[in-house]
Amino acid sequence: MANSKNLMRIISAAVALAFVISWIFKSMNGMEDTTWLNVRQGALVTIAAFLTLSIYSFLYGDNPFYRFAEHLFVGVSAAYWMSLGFWSTIVGNLVPRTHPAIADFFQIAYSQDIPTYLRLIMIIPVVLGILLLLRLVPKVSWISRWPLAFIIGTTAGLNLPRYLQSDFIQQINNTFITMLPAWEGFGSFFSNFSFSASGQFAMIMSNIVIFVGVVCGLVYFFFSKEHRGWFGVASRIGIWVLMITFGASFGYTVMGRISLLVGRITFLFHDWLNIL
Amino acid sequence: MTFQQYIPIIVVGIGLIWIFIRSWRGQDVDRRIVFSFIGLTVALALIFQVMFGERATAIVRAAYDKIENLPEGSRILLSYDFDPAMAPEVHPMANSFIRHAMAKNHKLYLYSLWATGQTLLQESLTEVLEPEFPEKEYGKDWVVMGYKAGNEGVLNVIVTDIRKMYPTDVHNTSLDSLPIYDGVKSLKDFDLLISVGGGKPGVKEWVLFAGDRANVPVAGGSAAVSAPLLYPYYPRQLIGLLGGTKGAAEYESELIREYPRFADIDTPALRMMGPQTMAHVVIIAFILIGNVAYFRGKRKRRSEV
Amino acid sequence: MKRQIPLIIIMTVGWVLMVSVFVPPFESWGEEASLFFDIIAVFAFFLGGGNLIRVHFTKINRKSEGWGFSVVTVAGFAVMLILGLFKIGGSISAPVDTAGTPFELMFRYVMSPLQATMYSLLAFYVASASYRAFRARNIEATILLIAAFVILLGRTPFGFYLTAWIPESFSILEIPNMAVWIMNSPNLAGQRAIMIGIALGVISMSLRLLLGIERSYLGGD
Amino acid sequence: MTAKLYTTITAITITALSLLLLLIAAPHALLAQSDAVAESPDSATTAVAQVPDLGPILITVEDFPSDAGEALIIGWEDPGYVSLPDFIEYRVTRYTDDSDNGMVIGTSVLNPEVIDGEASHSIAHSYTVAAVFPDHEVISARSEPAMAEIQWVAADKYAVIIIGIFVCAAVIFFIETAKRGKTLFLRRIAGLEAIDEAVGRATEMGRPILFVAGIQDMDDVQTLAGLTILGRVARTVAQYDSKINMPCRASLVMTAGREVIKEAYNVAGRPDAYSDDMVHYVTDEQFGFVAATNGIMVREKPATCFYLGAFFAESLILAETGNSIEAIQIAGTAMPAQLPFFVAACDYTLIGEELFAASAYLSEEPRQLGSLKGQDVGKALAMIAIVVGGISVTLAQAWDIGLFQVIESALRTAFNIQLPVR
């Protein structure tokens, strides 16, 4: 146990030394004007590189470097979003509707043309927000359910018509497609028949697959009927269609993921080590 | 490919064979090996600048052939409809189109429907068009029209009359004093419209509001995420499409192959594709190896029972 | 009382907002409600930030395992919060993330590399999942595998070379074309079926909430 | 008792409201087409020498449909000025009284229509349209005064209203049916049956359970679905006396999660065992949250991980880390792009709709189960519409059969959600 602790200390010291050296090299880069800016830039890039490698060390296993980066990430990012929320929502949206003096203090334009009732209405979220904070008082903590109820009501009320419109009706409408596109009779179909990717046969296959796929996919999601008989066959085709969908999404996503790694490694080699 | 570009391929190949043998014997390959393998692949490919000769797929080749087969002096419109965030993917496409059009002695008209497109357009001019084609004359062989606000509304107007929206070019020179605009009244007078973009307005808007209405062929380049939405327009309304970095790389490699003068140009898309292609092959190999090992293990278990 | 009032709030707010979508003069209510949500969420930040600090302070106090890392979290949080809330090094009228301020530098050189690196871990996990998880265990898994395989192959030059010999009249069998076809036909169909199902799920779930049938999240009396 | 009252009241309200809406909507939808509010009388054109007199510009002023009385559409007939060489644009001017103090509200070159988005529904406006040339203008006569009208029903959303009422009514109907004690058949969902077993396994191993309700805030229905399943999971956890750990990306989710788990412990009869520490906020940053959750996984080594809610790119990072610690993983999301990763890397996955149905399944409460039956009616509607629509469109377009052309256009109208753009 003591041994591994010592080992850890040695590793940490070595890593620290390596990064300090890297910082010095970085700062000396472009020697002609080794100014304070260069030193600062060197430090910042070195820190970024250190954090990058610390995260990658997780791939080997949990270790103090990852833990350090993780804890720093949590602390800094929580404060980042808090600051952003404060300045953009409270100052950006609420303050302009309150009072010219407050708006003046934050040096933000006071919105004058808003009718009074739209100003007064802003009391509601503020009161609800304060009720939410009452959670910290054990005796009345149940009152924080009110703002929660407000939010849940909003979510349900707004999402129902939204999904109905864009995901249900719109998608059904999109599926009203002809299964015989550019159809000019059987004669023309057979005389021009080919397995070309841009030929009519391919187009017909596409549309039939979409049609059958959507219907069978829906059958798979059916809850109130046992998947047996013809229903079972349809639901089986439905699963297959879903599996193709998943496979396609996987194959398609991989490319984007690799380019993220290319980006990070380019940062390490180019911005930090200057070897590319 | 130079010799040093083979180094990473050889290293990765040997590694894959080793993993395959291990899996074949039923030994477990630790996830850390898998991790370091993919990291190594990308890193080596980047360091040794591996590039593969991409071959244009039909949909990219169609766009290439169109520019290739137009008679010399045809009018090609190229619109920059993207922002810096998309630029790594689509900017190389725009540069390739410029190179190809200029090399074929076509007339090039540069537009932009995105405010951010204009600065990126400027980059193309200073980095590609002006240094590589000093013999081409502004106003005669190419012209910059720049950005106009109004999204697809702009297209609605210029489809019948360009001068109504653009009385002058980007330098405030009247179109009538630019020889390149002799006999050009509207989009109908063009031979090809190309939009490079990834959002709205983009290729789709050029197809619906310009190409279809003016009855002029449209080609396009688009970011990978929005490319699938454009396939339905191919080949009738959209004669060719470059999708994502891969599409851009295919076009670049066609240019290099067929034009000796472009042999030494910078090809950012091909460079980006090298590591990605290697990583893809490794992932495909992993799937294959994993399955071979799985079936072998299954047969073994069955024979033991 | 403790359950009744929240239920009444849910129903009133929910039904009113739902109907307002269809009444043009009240159409903007949805936007107002979203703004309300944002404001309440900022108040919630205080709860969250307070909770985060409390958890880590307890660890530091108890000197429990790894308490040193909790110091890192608290310090990072405090520094970033002071830089952000007081706009240190920037003017009050400029946006908080103006380029060059300490807040923005922290974002650019600490947060954003961490973000991007965490995100790029996916490249490694995709590889390990390919090796380990994508196995042809049954028909379903095999179909998934084949679809993924075709799309992946279609994105490398090898996909092209493998099938380039196929004549134009059979070009549907070329791997790049098959990849496009899969994306545009079965993939589209599957996505659509999933979307329609989800829409119904959301509708039914919302109705259960608005009717007061589903209420586990409201706690007891 | 109260619940029944609520259900009845809401059911009655929704039916009454929707009927009312329909009644108001129908005539409006019909009227909207022939709703020319005013037509200008003969225009006195002021033509000047160089510009040939092509006749007057006739203008119409119409109310903008389905809005809150804020807009008018000013349209005109172009007598041919557009094609004259010097023509610049058409300019539309609004007058609020008889004086000549007009305000230019818009210009258009080709499209003979301008929308005045700042019209009033209490003051009448009149308009003129002028064809502008470099030196002079051809101005139309003033239109009759017109006011924007408030529409109380979005007639353009009639499809959403009617289909919405049908689907909602189906759900409510089956909820009521189930309440009367009629047993309903429901097929099994494998992932749900595994929940108890997975919790039991964690108890046996003496390891905690990790629950992630997605990474979205409370304004996403998937988060709500995840939280409702949490209620059931937490009850089993309380019964088995296991430990549960729930990191949250949003503090509102944390607040709600605490309520849910607390209530579950109450129901299980072990309120004393509950502690607020079970649920904690991490950070709103997506990958910061992932980094911390990964840390929790490798350090606490939970035996079972639940990922139920909205997930993005982190789905695979979580699932693979969970795999490396050999946890049983149950996932569910309605994010189509993330489903493949969960399907490949987790033991059980609730796909899309199943996530929303899960809480109803788990509750075993008849009313909840009834709502699932209602969902199926919606699915049946979708399937019938698609089958009839697909066949009709095919027959109508390939062979021009009149009957099917009628059906096609009827279906397209019924499932139409074309929204006018202002």
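In what follows, chains are A, B, ... by sequence order, proteins preceding strands, each numbered from 1.
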Novice: Taking Ala123(C), Ala147(C), Gly190(C), Ser169(C) one by one, which has the highest count of heavy-atom pairs under 4.5 Å against chain A?
Specialist: Ser169(C)

Novice: If I measure from the heavy atoms of chain A, does Phe149(C) come under 4.5 Å with its side chain, its backbone, both, or neither?
Specialist: neither

Novice: Just verifying a value: how many Å separate Arg3(C) CZ and Arg145(A) CZ, rounded to the nearest 0.5 Å?
Specialist: 7.5 Å

Novice: Looking at chain C, which one of Ile239(A), Asn174(A), Leu94(A) has the largest number of heavy-atom pairs inside 4.5 Å, strictly under?
Specialist: Asn174(A)

Novice: Which bit of Met106(C) comes within less than 4.5 Å of chain A, counting heavy atoms only: side chain, backbone, both or neither?
Specialist: side chain

Novice: Check whether Met195(C) gets within reach of chain A through its side chain, its backbone, both or neither, counting any heavy atom under 4.5 Å.
Specialist: both

Novice: Which region of Phe69(C), side chain (C-beta onward) or backbone (N, CA, C, O), has a non-hydrogen atom less than 4.5 Å from a non-hydrogen atom of chain A, or is it both or neither?
Specialist: both

Novice: Determine, step by step, whether Val126(C) and Phe250(A) satisfy the side chain to side chain contact (heavy atoms under 4.5 Å, CB included) criterion, reporting the C-alpha distance in whole Å, the side-chain angles of both residues, the deciding distance to 0.1 Å, and the verdict.
Specialist: CA-CA 9 Å; Val126(C) 163; Phe250(A) 172 82; 4.1 Å; yes

Novice: Can you measure from CD1 (Ile265(A)) to OG (Ser120(C)) and round to the nearest 0.5 angstrom?
Specialist: 8.0 Å

Novice: Identify which of Ala148(C), Ala193(C), Ser171(C) forms the greatest number of heavy-atom pairs closer than 4.5 Å to chain A.
Specialist: Ser171(C)

Novice: Can you confirm whether or not the ring centre of Phe103(C) sits under 6.0 Å from the ring centre of Tyr80(A)?
Specialist: yes

Novice: Measuring heavy-atom distances to chain A, does Ile39(C) have an atom under 4.5 Å in its side chain, in its backbone, in both, or in neither?
Specialist: both

Novice: Are side-chain heavy atoms of Leu160(A) and Trp15(C) found at a separation under 4.5 Å?
Specialist: no

Novice: For residues Ile40(C) and Gly129(A), report the shortest heavy-atom separation together with the two atoms involved.
Specialist: CG1-N, 4.4 Å

Novice: In sequence, state the C-alpha distance, the side-chain angles, and the governing distance for Leu114(C) and Ser77(A), and then conclude on side chain to side chain contact (heavy atoms under 4.5 Å, CB included).
Specialist: CA-CA 10 Å; Leu114(C) 284 167; Ser77(A) 61; over 6 Å; no

Novice: Let me know if Leu209(C) has heavy atoms under 4.5 Å from chain A in its side chain, its backbone, both or neither.
Specialist: side chain

Novice: Could you tell me whether the side chain of Phe246(A) reaches within less than 4.5 Å of the side chain of Ile194(C), counting heavy atoms only?
Specialist: yes

Novice: What are the two closest non-hydrogen atoms of Ser93(C) and Gln107(A), and how far apart are they?
Specialist: CB-OE1, 3.3 Å

Novice: Side-chain contact, heavy-atom cut-off 4.5 Å: Met122(A) with Leu35(C)?
Specialist: yes

Novice: Evaluate the criterion side chain to side chain contact (heavy atoms under 4.5 Å, CB included) for residue pair Met18(C) and Arg162(A); output intermediate values, then yes/no.
Specialist: CA-CA 9 Å; Met18(C) 200 168 104; Arg162(A) 206 176 280 165; over 6 Å; no

Novice: Measuring from Ser28(C):OG to Leu118(A):CG, what's the distance to the nearest 0.5 Å?
Specialist: 7.5 Å

Novice: For each of Ser196(A), Gly263(A), Gly251(A), tally heavy-atom pairs with chain C at distances under 4.5 Å, and name the one with the top tally.
Specialist: Ser196(A)

Novice: Let me confirm one number: the OG1-CG distance from Thr73(C) to Leu72(A), rounded to the nearest 0.5 Å.
Specialist: 7.5 Å

Novice: Could you pull out the closest heavy-atom pair between Pro186(C) and Val241(A), with the gap in Å?
Specialist: O-CG1, 3.7 Å

Novice: Non-hydrogen atoms of chain A under 4.5 Å away: do they reach the side chain of Ile92(C), the backbone, both or neither?
Specialist: both

Novice: With a 4.5 angstrom heavy-atom cut-off, which part of Asp38(C) approaches chain A: side chain, backbone, both or neither?
Specialist: both

Novice: Answer whether the closest heavy-atom distance between the side chains of Leu105(C) and Arg40(A) falls below 4.5 Å.
Specialist: yes

Novice: Heavy atoms only, distances under 4.5 angstrom: which of Thr155(A), Leu148(A), Leu133(A) has the most pairs with chain C? Name it, please.
Specialist: Leu133(A)

Novice: Are Trp146(A) and Pro6(C) packed together at the side-chain level, in the sense that at least one heavy-atom pair is separated by less than 4.5 angstrom?
Specialist: yes

Novice: How about Val254(A) and Ser130(C): do any of their side-chain heavy atoms sit closer than 4.5 Å?
Specialist: no

Novice: Look at atom CZ of Phe105(A) and say whether more than 12 heavy atoms of other residues, nucleotides or ligands are closer to it than 6.0 Å.
Specialist: no

Novice: With a 6.0 Å cut-off (strictly less than), is the heavy-atom count around CZ of Phe46(C), excluding the residue itself, greater than 12?
Specialist: no

Novice: Say you draw a straight line from CG of Asn51(C) to CG of Leu136(A); how long is it, rounded to the nearest 0.5 Å?
Specialist: 9.5 Å

Novice: Looking at every heavy atom in both Leu52(C) and Ala78(A), which two are closest together, and how far apart are they?
Specialist: CD2-CB, 3.8 Å

Novice: Looking at Ala248(A), Gly85(A), Gly213(A), Ala202(A), which one has more heavy-atom pairs under 4.5 Å with chain C than the rest?
Specialist: Ala248(A)

Novice: Determine whether Leu51(A) and Tyr109(C) make a side-chain contact, defined as any pair of heavy atoms from C-beta on separated by less than 4.5 Å.
Specialist: no

Novice: Sort out for me which of Thr142(C), Leu152(C), Val42(C) touches chain A most, counting heavy-atom pairs under 4.5 Å.
Specialist: Val42(C)

Novice: Do the side chain of Trp240(A) and the main chain of Ile139(C) share a donor and acceptor less than 3.5 angstrom apart?
Specialist: no

Novice: Do the ring centers of Phe45(C) and Phe86(A) come within less than 6.0 Å of each other?
Specialist: no

Novice: Given side chains that start at C-beta, do those of Phe36(C) and Ile121(A) come closer than 4.5 Å, heavy atoms only?
Specialist: yes

Novice: Looking only at heavy atoms and a cut-off of under 4.5 Å, which of Leu131(A), Val126(A), Val262(A) has the most pairs with chain C?
Specialist: Val126(A)

Novice: Of Phe73(A), Tyr56(A), Phe58(A), which is the lone residue that meets side-chain contact (heavy atoms from CB on, under 4.5 Å) with Met118(C)?
Specialist: Phe73(A)

Novice: Check Ser249(A) against Asn187(C) and note the closest heavy-atom contact, atom names and distance.
Specialist: OG-OD1, 4.3 Å

Novice: For atom CH2 of Trp181(C), is the number of surrounding heavy atoms from other residues, nucleotides or ligands below 6.0 Å larger than 12?
Specialist: yes

Novice: Closest approach of Asp167(A) and Ala199(C), non-hydrogen atoms and distance?
Specialist: CB-CB, 3.6 Å

Novice: For chain A, which candidate among Gly76(C), Ser20(C), Gly30(C), Ser204(C) shows the most heavy-atom pairs at distances under 4.5 Å?
Specialist: Gly76(C)

Novice: At a heavy-atom distance under 4.5 Å, which candidate from Glu140(C), Gln191(C), Gln115(C) has the highest pair count against chain A?
Specialist: Glu140(C)

Novice: Between Leu144(C), Val13(C), Leu17(C), Ile151(C), which residue shows the highest count of heavy-atom pairs closer than 4.5 Å to chain A?
Specialist: Leu144(C)

Novice: Just do the side chain to side chain contact (heavy atoms under 4.5 Å, CB included) check on Phe124(C) and Leu261(A) with the steps written out, would you?
Specialist: CA-CA 9 Å; Phe124(C) 297 98; Leu261(A) 180 60; 3.7 Å; yes

Novice: Distance check, rounded to the nearest 0.5 Å: Ile143(C) atom CD1 versus Leu242(A) atom CG?
Specialist: 10.5 Å

Novice: Between Ser185(C) and Ser206(A), is any side-chain donor less than 3.5 angstrom from a side-chain acceptor?
Specialist: yes

Novice: Considering only heavy atoms, which portion of Ile210(A) lies under 4.5 Å from any heavy atom of chain C: side chain, backbone, both, or neither?
Specialist: both

Novice: Heavy-atom cut-off 4.5 Å, strictly under: side chain, backbone, both or neither for Val215(A) against chain C?
Specialist: neither

Novice: Report which part of Val202(C) has an atom under 4.5 Å of a heavy atom belonging to chain A: side chain, backbone, both, or neither.
Specialist: side chain

